[in-house]
Number of protein chains: 2
Amino acid sequence: MKSGITHIVDDDDAIRDALAWLLRSRGLTSRSWPSAEAFLGEYLPDMRGCLVLDIRMADMSGLELFDRLLALGCTMPAIFLTGHGDVPLAVQSLKKGAFDFIEKPCNDNELVDRVIAALALDHAQRKHAASTQSIEMRLRSLTAREREVMDRVLAGQYNKVIAAELNIAMRTVEVHRAHIFEKMDVKSAVELAQLLAGGQQD
Amino acid sequence: MKSGITHIVDDDDAIRDALAWLLRSRGLTSRSWPSAEAFLGEYLPDMRGCLVLDIRMADMSGLELFDRLLALGCTMPAIFLTGHGDVPLAVQSLKKGAFDFIEKPCNDNELVDRVIAALALDHAQRKHAASTQSIEMRLRSLTAREREVMDRVLAGQYNKVIAAELNIAMRTVEVHRAHIFEKMDVKSAVELAQLLAGGQQD
DNA sequence: GCGGCTATTGTGGATATCCGCAGGCGCCCC
DNA sequence: GGGGCGCCTGCGGATATCCACAATAGCCGC
């Protein structure tokens, strides 16, 4: 439930059912689609969990589906299943960011392990993304002027210097500075620097 | 020259020579070893460039060689060459951090391109590592007491609070603080925070 | 037009930081 | 035993930051 859903995309009914059954037997929730198009049609950015994609499908290869999902901003880890060992394809997939690339037939336990690991990765990624987004939200709540001041505060400039650069009174800079700290939910310039350097750039 | 050397490890004389010739014809410097052991015997941590490893070798697989090099702290990007398409091996290699995994016979241009890309990556990695190491150097030059103070400065504590916690006078904290800034080559706590958060943790 | 938001400025005081000047104590090495 | 180094401390002044109180002005939407 909380750990996310395993999204299975495979045009072979038997394999879909077998995978769904396997995952269900291990307490994992899954949902299946018979084609890449079917999945793309119902894909939503707030889906969470992982993907299990067949490489060889009628309408679109699993890799192409993955490409399209990436373009849509999907960050779910993808496990590719392939029937015929194609090394270049495996290499290509992994270099594009696939979580794993497994040859069929594969060991049930191994597959389940990989799915669990993928679900865990998704969970961790989302947790990390959440804090990053929280920071960006706060940054967006700053006014243009506040951002100008913040840049200079982060550059270690004194309020006096900032005031001179922006041609405003020092007092104004102090007010902006206080607003920035309040909005960014930090209590010092040091914390602000750590928040932005540790998370992302502005 | 500056871009580093391509280290070729393959137990097939003909392939080694062919690779060396190919690289040389494109202006790239290479050095060859006939076995994993031979390379390990002469490996030095300050080698720079990239690796081209045959997966299938008599004494040790290219992957195992890569493992050992990783254990030795080697960060050179590795390109694996394989004759027989083994998907699990390719997957394993890439997940361990291989730069690429190419099937033989392969296109000359493609291989050279990958080698050039690997050399570029190594160069970029080293540049980044250099700044990280510079930071660590400076951190190590701090005395134990200075580190204690620095931790608290980074936590945004006032000198007064730091002094109370360490049971020393505020003036002493100020002195330590000044020494820290001097040694870390920054001029404010903000810069210090950015330096450490942007580079690495302490 | 009133209210809300943003940007601006001023006064003045409480706190903090930054630094030079001066000095003491303990440890280790030559 | 002198000299270097790390650690500690005090004094005093120049600067900065933090903040409450108080106010003016433009823009925008209801």
Side-chain angles (χ1 to χ4, degrees), chain A residues 133-202, chain B residues 133-202:
Chain A
Q133 279 174 17
S134 154
I135 293 172
E136 286 179 0
M137 282 295 189
R138 283 179 273 172
L139 276 176
R140 267 194 290 279
S141 78
L142 298 178
T143 65
R145 201 54 158 172
E146 283 164 355
R147 262 187 288 276
E148 285 186 278
V149 173
M150 189 182 72
D151 289 343
R152 290 168 171 78
V153 167
L154 290 177
Q157 296 182 330
Y158 290 135
N159 288 351
K160 175 193 285 187
V161 178
I162 298 173
E165 257 186 54
L166 299 180
N167 285 312
I168 54 180
M170 219 180 78
R171 184 67 187 86
T172 308
V173 175
E174 289 174 16
V175 172
H176 284 317
R177 195 180 171 120
H179 283 163
I180 292 166
F181 289 172
E182 190 185 344
K183 286 183 179 176
M184 297 301 289
D185 193 30
V186 295
K187 63 182 210 304
S188 71
V190 175
E191 271 186 48
L192 183 62
Q194 289 174 331
L195 189 70
L196 296 182
Q200 235 69 46
Q201 269 58 32
D202 64 314
Chain B
Q133 278 173 19
S134 154
I135 292 173
E136 287 179 1
M137 282 295 188
R138 282 179 273 172
L139 276 176
R140 268 195 289 279
S141 77
L142 298 178
T143 66
R145 203 53 159 171
E146 285 164 354
R147 262 187 288 274
E148 287 185 277
V149 173
M150 190 183 71
D151 289 343
R152 290 168 172 76
V153 167
L154 289 177
Q157 296 183 331
Y158 289 136
N159 288 351
K160 176 193 286 188
V161 178
I162 298 173
E165 256 186 54
L166 299 180
N167 285 313
I168 55 179
M170 222 180 77
R171 184 67 186 86
T172 307
V173 175
E174 289 172 16
V175 172
H176 284 316
R177 195 179 172 124
H179 283 162
I180 292 166
F181 289 170
E182 190 185 343
K183 287 184 179 176
M184 297 300 291
D185 192 31
V186 295
K187 65 181 208 305
S188 70
V190 174
E191 272 187 49
L192 182 63
Q194 289 173 332
L195 189 70
L196 296 182
Q200 234 70 43
Q201 269 59 35
D202 63 313

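These numbers come from the heavy atoms of this one structure, side chains and all, not from hydrogens, waters or symmetry mates. We name chains A, B, ... by the order of the sequence lines, and we start the count at 1 in each one.
Side-chain contact between B/Arg152 and B/Val161 is absent, with no heavy atoms from C-beta onward closer than 4.5 Å. Proximity of A/Met150 to A/Glu146: side-chain heavy atoms (C-beta onward) are nowhere separated by under 4.5 Å.
For the atom pair OG (A/Ser134) and CG (A/Leu195), the distance works out to 7.5 Å, reported to the nearest 0.5 Å.
The residue A/Thr143 sits close only to the backbone: its heavy atoms come under 4.0 Å of sugar-phosphate atoms, none of a base.
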Report, as a single string ordered 5' to 3', how protein heavy atoms within less than 4.0 Å touch nucleotides 16-26 of chain C: B base, S sugar-phosphate only, - not at all. SBBBBB-----

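For the side-chain contact (heavy atoms from CB on, under 4.5 Å) with A/Ile180, the lone residue among A/Val186, A/Val149, A/Thr143 that qualifies is A/Val149.
For the pair A/Leu192 CG and D/dT17 P, the computed distance is 15 Å after rounding to whole Å. Rounded to whole angstrom, the span from the CG atom of A/Asn167 across to the C1' atom of C/dA7 amounts to 14 Å. Distance, B/Glu182 CD to D/dC5 P: 13 Å, rounded to whole Å.
By the 4.0 Å N-to-carboxylate-O rule, A/Glu174 lies close enough to A/Arg171 to be salt-bridged with it.
Between B/Val153 and B/Ala189 the shortest heavy-atom distance is CG1-CB, 3.9 Å.
Nearest to the side-chain atoms of B/His176 among the listed nucleotides C/dT9, D/dC7, C/dA7 stands D/dC7.
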